[in-house]
Amino acid sequence: TALADGRLTPAAALLAARAIGEAGDARSVPAAVRALEVTQGRVRDELTTAIMNVAVRSYFDGHHLRPSELGFAAIRADDRLGIVALLWLDGDDPRLRYAGAWLAGVRREPAAVDGLRRLLRAGLGLEFVALAADSLRRIGVHDGVAEVLIDGMQRDELYLPTALWRWSRE
């Protein structure tokens with residue numbers, strides 16, 4: 001909260017942003033998003049990358065035998081994060097688009113379905129396709145997802161087969 005409240009020096013704020021990204025702990029996301037709204041320049045850039053790193057780690061953690069949902073309850077309880085997810089999904093920064101897709105899935109945000117479908121077909125990269133498919137799965141949307149995953153498997157042997165397997169188990 002010190003980062004969001006602006007109580008840190010620029011050097012300390014930069015260090016805090018980097019620590020959030022390196023820790024990759026979803027429990028930091030609500031405070032990090034609040035801080036992102038008030039930071040600028042290099043600190044904002046580092047914090048944007050940190051939030052994306054948390055999303056990446058959380059997504060891949062979901063592929064472990066014992067996936068963790070640590071921090072998900074706080075994300076689901078914070079309605080503001082649903083609005084943020086929707087805004088980020090259609091934004092210009094690919095890091096925030098990725099984080100927005102992840103937030104939408106964690107929150108099971110039905111209003112994000114159209115944005116996730118756009119991301120699924122946006123051509124940004126296989127990791128975006130896999131995450132968009134996973135988020136749609138979490139929301140309970142299945143129509144039109146398998147076709148995109150199967151098509152993408154011509155270029156990928158890691159992300160998309162796993163996403164298709166998880167999708168098929170729903």
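Throughout, residue positions are numbered sequentially from 1 according to the sequence presented. Quantities reported herein were computed from a predicted structural model and do not represent experimental measurements.
- Between the side chain of S135 and the backbone N or O of A132 there is no donor-acceptor pair closer than 3.5 Å.
- A salt bridge links R137 with D134: the closest approach of a Lys/Arg side-chain nitrogen to an acidic carboxylate oxygen falls below 4.0 angstrom.
- Under the side-chain hydrogen bond (donor to acceptor under 3.5 Å, both in side chains) criterion, R121 pairs with no residue at all, not counting sequence neighbours.
- Residue R27 qualifies as open at atom CZ: its count of foreign heavy atoms under 6.0 Å is 12 or below.
- Follow the hydrophobic side-chain contacts under 4.5 Å out from V113 and you reach L119 in the same cluster.
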Check the pair V129 / L124 against side chain to side chain contact (heavy atoms under 4.5 Å, CB included), numbers first and verdict last. CA-CA 8 Å; V129 172; L124 290 175; over 6 Å; no
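- Side-chain atoms of T48 come within 3.5 Å of backbone N or O of R44 as a donor-acceptor pair.
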Candidate pair L103 and E109, rule side chain to side chain contact (heavy atoms under 4.5 Å, CB included), full reasoning: CA-CA 8 Å; L103 279 172; E109 193 68 51; over 6 Å; no
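- Looking only at distances, a side-chain donor or acceptor of R76 sits under 3.5 Å from a matching main-chain atom of V106.
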Could you please spell out the steps behind the side chain to side chain contact (heavy atoms under 4.5 Å, CB included) verdict for D114 and L89? CA-CA 10 Å; D114 289 341; L89 267 174; over 6 Å; no
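- R107 has a carboxylate O that lies under 4.0 Å from a charged side-chain N of D79, or vice versa, which qualifies the two as a salt bridge.
- Here the closest heavy-atom approach between residue L131 and residue A101 is recorded as CD2-CB, 3.8 Å.
- Enclosure of atom CD in Q40 is not indicated, since only 12 or fewer non-hydrogen atoms of other residues, nucleotides or ligands lie within 6.0 angstrom.
- Taking the side chain as every heavy atom from C-beta outward, V29 and D78 never approach each other to under 4.5 Å.
- Nearest heavy atoms, W102 versus F72: CZ2-CE1, 3.9 Å.
- Residues E37 and R80 meet the side-chain proximity criterion, which asks for heavy atoms closer than 4.5 Å.
- A 4.5 Å side-chain heavy-atom check between D93 and M52 finds every atom pair outside the cut-off.
- In terms of modelled atom types and a separation under 3.5 Å, the side chain of R108 and the main chain of L136 share no donor-acceptor contact.
- Closest non-hydrogen pair, A99 versus A55, comes out as CA-CB, 4.1 Å.
- When side chains are defined from C-beta on, L116 counts as touching I139, because their heavy atoms get closer than 4.5 Å.
- In this structure, V43 and P10 approach most closely via the heavy-atom pair CG2-O, 3.9 Å.
- One finds the CG atom of L36 at 4.5 Å from the CD1 atom of I51 (value rounded to the nearest 0.5 Å).
- One hydrophobic cluster holds both L120 and V141 under the rule that ILVMFWY side chains link at heavy-atom gaps under 4.5 Å.
- Contact record, N53 with G21: CB-O, 3.7 Å, taken as the closest heavy-atom pair.
- Nearest heavy-atom pair across I20 and A50 is CG2-CB, 4.1 Å.
- Applying the side-chain hydrogen bond (donor to acceptor under 3.5 Å, both in side chains) test to R97 and every residue at least two apart in sequence or in another chain returns nothing.
- W88 and V56 fall within the same hydrophobic cluster, defined by Ile, Leu, Val, Met, Phe, Trp and Tyr side-chain heavy atoms under 4.5 Å apart, directly or through other members.
- T49 pairs by the side-chain hydrogen bond (donor to acceptor under 3.5 Å, both in side chains) definition with R95, not counting sequence neighbours.
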Quick one, L81 with V33, criterion side chain to side chain contact (heavy atoms under 4.5 Å, CB included). Give me CA distance, side-chain angles, the key distance, then yes/no. CA-CA 8 Å; L81 294 178; V33 170; 3.8 Å; yes
